[in-house]
Every structure is written in C-alpha cells, then in structure tokens.
Asks: 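There's a structure below that I have some questions on.
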Amino acid sequence: MLVHIPNVLTPEEVSYCRATLEKSEWVDGKVTAGDQSAKAKFNLQIPQDSAEGRELGEIILRALGRNPTFNSAALPLRVFPPLFNRYDEGMRFHTHVDNAIRPVPGTGFRMRTDVSSTLFLSEMEEYDGGELMIQDTFGVQSVRFPAGDMVLYPSSSLHSVSPVTRGSRWASFFWSQSMVPDDTQRTLLYQFDLAIIETRKLLPDDSPAVLGLTSTYHNLLRQWAQL
Ligand SMILES: O=C(O)CCC(=O)C(=O)O
Ligand SMILES: [Fe+2]
C-alpha cells in the first residue's frame with residue numbers, strides 16, 4: 001500500500017530544513033547503499049552522523065510522533081534516524097530494493113525495514129523529473145508531492161527515482177520497522193482504522209458498532225503485532 005501524508009512538516013519547518021541543508025556538507029549517496037543499490041545510486045546525501053542531520057532528524061521524528069496517519073499506516077516500532085538526499089540535474093536512482101536489515105547508527109542494534117518513506121523538501125515547481133517510481137501490485141505508481149508531504153511504501157517493493165532534468169530535488173528518507181511486518185495485514189489495519197474514524201463521526205463512542213469495531217481492531221493488532 002502507498003500512503004500519501006500531506007503536511008507532515010509545516011512550511012516553517014521545511015524552510016528551516018532547507019536553510020540548514022544549504023550549509024551542510026554533501027557526499028556521494030553510495031555511502032549508505034547495499035551492494036546492488038550502490039551500483040544503481042547516483043545522488044548526494046549529507047553524512048549520516050553530521051550534527052545537521054541529527055538536528056533535522058529530530059524535527060522529523062517529532063513531526064512523525066504527532067502525525068496520526070503515519071502512526072496508523074506504519075504502526076512503527078522503530079524509526080531509522082532520517083537521512084537527507086538530493087538529486088541535481090542528471091542524477092537518479094535506478095531500480096532497487098532497500099536492504100532488509102540495517103544497523104541503527106550509534107545504538108549497536110539492527111532493525112528490519114518494513115516501511116520506506118520519502119519526505120519531500122523541494123516544491124514540485126523547483127525541478128522536473130525526479131519521480132519516485134514504486135512497483136506495487138497494481139503496477140508502477142509515479143510519486144511526486146509538494147514540500148512537507150511524505151509517501152509511505154512497502155520496503156519490499158522495487159523502486160527507482162527518475163533522472164532530474166531541471167533543478168534539484170531534496171528530500172528526507174528513512175525506514176520504519178513496523179509492529180506488523182506483513183504489508184497486507186498492515187494495510188487491513190489501516191483501512192479498518194479509517195473505517196472506525198468514519199463510524200465515530202456518525203455514532204457515539206459507546207454505541208455497539210463503535211465498540212465492536214474498536215475491539216476487533218485491537219484484537220487483530222494483538223494477533224499480528226510482533227514487538
Ligand atoms: O529519494 C527517494 O525518494 C528514495 C531514495 C531511496 O530509494 C533510497 O535511498 O533507498
Ligand atoms: Fe530505496
């Protein structure tokens with residue numbers, strides 16, 4: 001399932017991220033790529049352990065914490081410290097799959113990547129090309145959203161970023177380990193939660209319908225969650 005989450009960052013937060021990234025050092029994006037994807041990856045990143053990256057990462061993690069759609073769709077157990085990339089004219093990322101397991105910097109722990117995220121930091125008018133192309137069960141989805149918006153997609157999917165043909169595309173990207181590893185089960189829970197939200201607009205919280213749906217949601221989560 002692909003989920004578009006608008007306005008994860010406020011316009012002020014986007015401007016702050018952009019201004020900080022302007023001052024940051026940029027290195028070859030191959031530094032965080034696996035063997036196959038290193039050959040496919042032609043972009044720039046700020047170093048994983050830079051002070052700028054850590055500060056901006058905190059802003060994004062705080063924004064995710066207050067975002068009900070992210071929490072319902074990703075059901076996150078762990079979130080990788082956000083990384084930042086950039087594709088200038090001619091840069092691209094050929095088709096690849098994200099590494100299944102990643103060491104979490106500075107922790108000595110590893111995490112499984114279940115959900116991949118791109119949070120756009122450039123406005124769509126600032127560049128041409130640079131579409132995130134995600135292969136899912138319905139075919140290839142082409143994704144390009146305004147600055148501050150984010151897309152979630154299964155880390156198991158093949159994906160690529162088309163060449164930027166004008167301007168520069170800046171983004172934050174990261175992975176989440178979900179409490180529900182299976183994409184089909186996670187999608188069902190997300191759609192169930194949306195249905196509960198709609199039902200609660202029509203019926204009181206203590207109505208049998210809301211009680212029944214809510215308890216079934218939690219009991220399914222209890223069946224499927226892996227902590
Ligand atoms: O730049 C993007 O939107 C995606 C980046 C990506 O796929 C990756 O770094 O693995
Ligand atoms: Fe990727």
Side-chain angles (χ1 to χ4, degrees), residues 1-6 8-9 14 17-18 21 24 26-50 53 56-57 60 64 70 73-74 78-105 110-124 126-136 140-178 183:
M1 167 188 58
L2 253 67
V3 183
H4 171 198
I5 312 182
V8 170
L9 294 184
V14 171
C17 290
R18 291 273 301 249
L21 291 173
S24 179
W26 290 88
V27 297
D28 191 323
K30 295 187 200 301
V31 287
T32 56
D35 272 358
Q36 188 275 336
S37 54
K39 296 196 188 97
K41 193 171 182 184
F42 300 91
N43 69 0
L44 299 171
Q45 279 176 212
I46 69 167
Q48 199 164 22
D49 54 358
S50 70
L56 300 182
I60 291 174
L64 296 177
F70 173 73
R78 301 192 177 96
V79 181
F80 193 87
L83 295 167
F84 296 84
N85 68 12
R86 156 180 165 187
Y87 302 74
D88 293 342
E89 218 174 289
M91 293 184 184
R92 66 185 299 172
F93 200 158
H94 290 280
T95 305
H96 65 281
V97 71
D98 294 340
N99 280 1
I101 308 292
R102 287 203 161 254
V104 184
R110 291 175 299 170
M111 63 178 267
R112 190 185 57 237
T113 58
D114 296 318
V115 179
S116 297
S117 307
T118 293
L119 200 176
F120 293 86
L121 295 173
S122 297
E123 292 299 348
M124 293 197 292
E126 290 181 281
Y127 62 98
D128 290 328
E131 294 87 2
L132 176 58
M133 309 291 283
I134 303 163
Q135 297 185 24
D136 81 357
V140 178
Q141 314 277 322
S142 169
V143 171
R144 216 169 175 282
F145 291 133
D149 286 17
M150 184 163 90
V151 60
L152 302 184
Y153 57 100
S155 300
S156 52
S157 55
L158 286 172
H159 55 279
S160 61
V161 176
S162 309
V164 166
T165 55
R166 179 190 60 88
S168 185
R169 170 202 193 266
W170 296 26
S172 173
F173 66 103
F174 53 91
W175 302 272
S176 302
Q177 177 170 338
S178 178
D183 181 54

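Start at 1 and go down the list; that is how both ligands and their atoms are numbered.
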Asks: Is it true that D114 and S155 share a donor-acceptor pair across their side chains at a distance under 3.5 Å?
Replies: no

Asks: In the protein, which heavy atom is nearest to atom 4 (C) of ligand 1, and how far is it?
Replies: T118 OG1, 3.7 Å

Asks: Check each heavy atom of N85 against ligand 1 and say whether those closer than 4.0 Å belong to the side chain, the backbone, both or neither.
Replies: side chain

Asks: Check L83 against ligand 1 and report side chain, backbone, both or neither, counting heavy atoms closer than 4.0 Å.
Replies: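 For L83, there is no contact with ligand 1 at all, from either part.
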
Asks: Test side-chain contact (heavy atoms from CB on, under 4.5 Å) on T32 and K41 and set out the steps.
Replies: CA-CA 10 Å; T32 56; K41 193 171 182 184; 3.3 Å; yes

Asks: Side chain or backbone, does Y87 bring an N or O within less than 3.5 Å of an N or O on ligand 1?
Replies: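 Yes, there is a polar N/O contact under 3.5 Å.
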
Asks: What heavy-atom pair brings F84 and G53 nearest, and what distance separates the two atoms?
Replies: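 In this case the closest contact between F84 and G53 is CE1-O, 3.8 Å.
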
Asks: Write down the atom of R102, the atom of T113, and the distance for their closest heavy-atom approach.
Replies: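 Smallest interatomic distance, heavy atoms only, reads CG-CG2, 4.0 Å.
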
Asks: Distance under 4.0 Å to a non-hydrogen atom of H159: what atoms of ligand 1 satisfy this?
Replies: 7 (O)

Asks: What N/O/S atom of H159 gets nearest to the Fe ion (ligand 2)?
Replies: NE2

Asks: Any atoms of ligand 1 less than 4.0 Å from a non-hydrogen atom of F173? List them with their elements.
Replies: 9 (O)

Asks: What atoms in ligand 1 come closer than 4.0 Å to a heavy atom of D98?
Replies: 10 (O)

Asks: Considering non-hydrogen atoms only, spot the tightest contact between S157 and Y153 and give its length.
Replies: OG-CD1, 3.6 Å

Asks: Please classify the E131 to ligand 1 contact at 4.0 Å (heavy-atom distances, strictly less than): side chain, backbone, both or neither.
Replies: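 For E131, there is no contact with ligand 1 at all, from either part.
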
Asks: How wide is the angle at the Fe ion (ligand 2) between OD1 of D98 and NE2 of H96, to the nearest 10°?
Replies: 100°

Asks: Which pair of non-hydrogen atoms, one from W170 and one from S122, has the smallest distance, and what is that distance?
Replies: N-OG, 2.8 Å

Asks: Check this for me: R18, atom CZ, are more than 12 non-hydrogen atoms of other residues, nucleotides or ligands nearer than 6.0 Å?
Replies: yes

Asks: Name the closest protein heavy atom to atom 6 (C) of ligand 1, giving the residue it belongs to and the distance to 0.1 Å.
Replies: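 Result: F93 CE1, 3.7 Å.
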
Asks: Please name the pair of heavy atoms, one in A74 and one in S178, separated by the smallest distance, quoted to 0.1 Å.
Replies: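 The answer is O-OG, 2.7 Å.
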
